[in-house]
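Okay, structure first, notes after.
Order of the sequence lines sets the chain letters (A, B, ...), proteins ahead of strands, with each chain counted from 1.
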Number of protein chains: 2
Amino acid sequence: MAGKSGPSPARLTFGKKLRAVRRAKDMTLEDLAETSGLNWSYISQVESGHRNIAVDNMWKLAQGVGMELKDLL
Amino acid sequence: MAGKSGPSPARLTFGKKLRAVRRAKDMTLEDLAETSGLNWSYISQVESGHRNIAVDNMWKLAQGVGMELKDLL
DNA sequence: GTGTGACTTCTAGTCCGTA
DNA sequence: ATACGGACTAGAAGTCACA
């Protein structure tokens with residue numbers, strides 16, 4: 001794993017909200033991978049809080065799910 | 001400089017708001033460096049949008065300035 | 001369709017000096 | 001008190017195979 005240190009509150013907040021929104025929109029990881037331009041496997045790790053994701057990618061995921069970034073925090 | 005790619009909208013939004021809030025609270029970069037545990041030189045680059053900061057550190061900066069992370073986006 | 005570990009490449013993040 | 005640059009290390013980005 002790349003994001004070694006255990007899930008932090010910040011990662012978990014973002015990850016859980018992202019997953020909730022994605023599912024609410026009936027999107028699979030593969031769907032979101034396509035709309036965000038990121039790898040589905042990577043997104044899976046982000047949603048579970050195992051990755052310390054940076055702003056640019058947070059933004060892409062927010063866009064990919066049709067929301068403002070601040071609404072995922 | 002490490003963060004090569006130019007400032008993205010996501011970086012700029014966060015950076016500008018952080019700088020505004022920090023100054024509104026009369027904090028210097030060194031003050032924020034101390035309350036957040038991050039390097040002041042690095043924070044300077046984040047505020048100007050030159051760095052693609054990760055969530056955990058965004059959280060630390062939000063804490064260091066006494067705000068919720070979502071309010072800096 | 002999804003979670004995870006492992007791996008390489010690239011940059012986030014530190015530290016120092018200089019202005 | 002802030003900015004910028006170089007040089008370095010830790011860790012994020014990005015991908016894959018297997019469950």
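- Remark: P of C/dG13 and CH2 of B/Trp59 are 17 Å apart, rounded to the nearest angstrom.
- Of all nucleotides listed (C/dG3, C/dA12, C/dT2), C/dT2 comes nearest to the side chain of A/Thr28.
- Rounding to whole angstrom units, CG of residue B/Asp31 and C1' of D/dA1 are separated by 10 Å.
- One can place CD of A/Glu47 at 12 Å from P of C/dT4, the figure rounded to the nearest angstrom.
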What N/O pairs connect the protein and nucleotides 15-19 of chain D at under 3.5 Å? Give each pair on its own line.
| from | atom 1 | to | atom 2 | distance (Å) |
| --- | --- | --- | --- | --- |
| D/dT15 | O4 | A/Arg51 | NH2 | 3.3 |
| D/dC16 | N4 | A/Ser41 | OG | 2.6 |

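- One finds a side-chain N or O of B/Arg22 lying less than 4.0 angstrom from the OP1 or OP2 phosphate oxygen of D/dT2.
- Closest approach of B/Ser48 and B/Arg19 over heavy atoms only: N-NH2, 4.5 Å.
- Between B/Ala54 and B/Ser44, the residue anchored nearer the 5' end of DNA chain D, judged by the nucleotide with its closest heavy atom, is B/Ser44.
- At the phosphate of C/dG3, OP1 or OP2 sits under 4.0 Å from a side-chain N or O atom of A/Arg19.
- For B/Asn57, no side-chain nitrogen or oxygen approaches OP1 or OP2 of C/dA12 to under 4.0 Å.
- Rounded to an integer number of Å, the gap from CG of B/Asn52 to P of D/dG11 is 17 Å.
- Residues A/Leu29 and A/Arg22 are in side-chain contact: their nearest non-hydrogen atoms beyond the backbone lie under 4.5 Å apart.
- We find that CE of A/Met58 is positioned 10 Å from P of D/dA13, with the value rounded to whole Å.
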